[in-house]
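See below for the structure under consideration.
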Amino acid sequence: MNRTLSEQELVRREALQKIRDLGIDPYPAERFDVTAFSSDVLANFDSEKGNYQEVSMAGRLMARRIMGKAAFAHLQDMEGRIQIYVSRDEICPGEDKTLYNTLFKKLLDLGDFIGIKGHAFTTRTGETTIHVTELKLLSKSLRPLPVVKSTKEGETYDAFSDPEQRYRMRYVDLTVNPQYREIFKRRSKIVSTMRAFFDRHDWLEVETPVLQPIHGGAAARPFETHHNTLDMPLFLRIANELYLKRLIVGGFDGVYEFGKMFRNEGMDRTHNPEFTSVEIYVAYKDYVWMMEMVEQLLEETTLKVTGGTKVMVGENEIDFKGPYVRMSMYESIEKYTGIDISAMTEEEMRQVCKQLHIEIDDTMGRGKLIDEIFGEKVEDHLIQPTYITDYPIEMTPLAKKHRTAEGLVERFELFVNGKEIANAYSELNDPIDQYERFVDQLELAKRGDEEAMALDMDFVRALEYGMPPTSGLGIGIDRFTMMLTNQTSIQEVIFFPQMRPEKTAEDAEAEAKEE
RNA sequence: GAUCCUGUAGCUCAGCUGGUAGAGCAUAUCACUUUUAAUGAUAGGGUCCUGGGUUCGAGCCCCAGCGGGAUCACCA
């Protein structure tokens, strides 16, 4: 670590040494007990009651206004910022004024963690403030934070706003842009609310392998890795569906898993290589039941997380209160194009695509053509939560054949604001049918489809032992969080989105030498 | 993958027709015991993303590369 230190970093390192010279440990080991968060005091302090007369708080020193023998500053803790008032003779009652004159005024910097004790009062300008009687350095910061200033009117100056910097140094982002903490608190609440919902129904939270010898359960390209001792390739899971269904076979009638999935595909503002989904499987149910369950789940989650069932997503107000509109895929296409394709042959559909100016190629089968028409002409219109049901069998090798309609499966996807956020089936539990569907996938793979599903004979064996009729569901947590936080980029709801490695000066130098 | 935009001080940004870099905040020193984008004075701070090229001279022009963003394409 021989990087050149900036002037401000040098100043802080010198201050660190001077603090040690004073006999003060800049990184003390002992605990500092906190009795209140800033938000508690700001919400509940009442100068007439005179509460909060002995509070102990801790956080980062975020702004200082020194006026000789007294100073105002802001302390930022997990719940917000509160002003503190530090006067020299208050924290240094004796002759020795070092703590104020030297430590507080000279050697502390913005970003340092401090602990304070004192009492709440209201300043002349009406701001609730902590009058500090004791002050202790808890951890010295050696790099200057970006200084983001904002006025009482809410105007912000010099915001730390470069997305690259914000994502690479999320710790800085969360510190100086605390409003972004709210997104992640909400994300956490979404997960905990859903978990509580599932637990209340006595469904079991489980964990299944992330490292899988066969990547199944979805159509996507996987990450491949290698296990040294076993000397075999392993894949990071693209889905956990087949494992969860094995647990249904084993006799757990309801299982769910929140987990990371990994897909080795493009990255953009709606795709990160690793993302979180929740999948749930419930025995003796079908996809019709599942639609009702999802309505309850999303309505409850939205209500508990946001306080209402309606959320603004961009320009649109979305209402997650059920029931949601249900439309079969064919109906939706007829509604938005005026064309009924349900009885058409592949060739007739090609004509329809041409008529609608949809680009297609010869490799596309009937299922793919339907999907293209749907993607081009229907998806964008599905703003309020809408179930699209009954998909072509070719696209869905793990779903049960439709109970009445030929060539379709019992599947629905939930679309909100033009985007899919949930996918569910009446799960295929006929082992012979499942085997044949896998074989069809192998044919696709032979024709060059990199996303075709691999044959998982152990899964077929499990089905041969018998799986009860089951309904399964997957929800993309990242995308649902985007909706409930009104974000348009997945990177904003993931703490550490995938980035290319940062190129340091040393790297550049090493590269230059190689050439 | 394609196109466009972008990279200058710790942060946010200027930088004219090519003439060896500037502001605000932050930092340092001084003053100031109810301030709040605190104030006043003074000072310091730069691998102008990287590597080539053109030129007497490049932050600026040209070429190549790297990072990031946006749009499109691809993709559950």
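Since the model is a prediction, treat every value here as computed from it, not as a measurement.
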Applying side chain to side chain donor-acceptor pair (under 3.5 Å), can you list everything that pairs with A:Asp158, at least two apart in sequence or on another chain? none
Using a 4.0 Å heavy-atom cut-off across all strands, classify A:Gln491 as base, sugar-phosphate, or nothing. nothing
Side chain of A:Arg124 (C-beta onward), nearest among B:G67, B:U71, B:U35: B:U35
Name all pairs fulfilling the ring-ring contact (aromatic ring centres under 6.0 Å, His included) condition that reach into residues 372-399 of chain A, sequence neighbours left out, sorted by first residue then second. A:Tyr324-A:Tyr387, A:Tyr336-A:His381, A:Phe374-A:Phe415, A:Tyr387-A:Phe412
Could you tell me whether A:Ile238 contacts a base, only the sugar-phosphate backbone, or nothing, with contacts defined as non-hydrogen atoms closer than 4.0 Å? nothing
My understanding is that only residues two or more places apart in sequence, or in another chain, count here; which of them pass ring pair (Phe, Tyr, Trp, His ring centres under 6.0 Å) with A:Phe72? A:Tyr85
Would you say B:A37 has OP1 or OP2 under 4.0 Å from some side-chain N or O of A:Arg65? no
Distance, C1' atom - from B:C25 to B:A9, rounded to whole angstrom: 12 Å
Does the protein touch nucleotides 23-30 of chain B at the base, only the backbone, or not at all? Give it as B, S and - per nucleotide, heavy atoms under 4.0 Å. -BSBSS-S
Rounded to whole Å, please give me the gap between CE in A:Met267 and C1' in B:G67. 12 Å
Can you tell me how far C1' in B:A26 sits from the matching atom in B:C62, rounded to whole Å? 38 Å
Using salt bridge (Lys or Arg N to Asp or Glu O under 4.0 Å) as the criterion, list what pairs up with A:Glu315, not counting sequence neighbours. none
Among B:C75, B:G69, B:U35, which nucleotide sits nearest the side chain of A:Met67? B:U35
Examine the base of B:U35 for any acceptor or donor lying under 3.5 Å from a partner atom in the side chain of A:Gln83, and report the outcome as yes or no. yes
Applying the 3.5 Å cut-off to both distances, the Watson-Crick or G-U partner of B:U35 turns out to be none
How is A:Ala220 classified with respect to the nucleic acid when contacts are heavy atoms under 4.0 Å: base, sugar-phosphate, or nothing? nothing
Across the strands shown, which category fits A:Phe160 at heavy-atom distances under 4.0 angstrom: base, sugar-phosphate, nothing? sugar-phosphate
Given B:C75, B:G69, B:G67, which nucleotide is nearest the side-chain atoms of A:Arg168? B:G67
Look through every strand shown and name the nucleotide pairing with B:C4 as Watson-Crick or G-U wobble, where both distances are under 3.5 Å. B:G69
Within less than 4.0 Å of OP1 or OP2 of B:G67, is there a side-chain N or O belonging to A:Arg500? yes
Under 4.0 Å between a side-chain N or O of A:Arg221 and OP1 or OP2 of B:C75? no
In chain order, what residues pass the ring pair (Phe, Tyr, Trp, His ring centres under 6.0 Å) check against A:Phe223, with sequence neighbours excluded? none
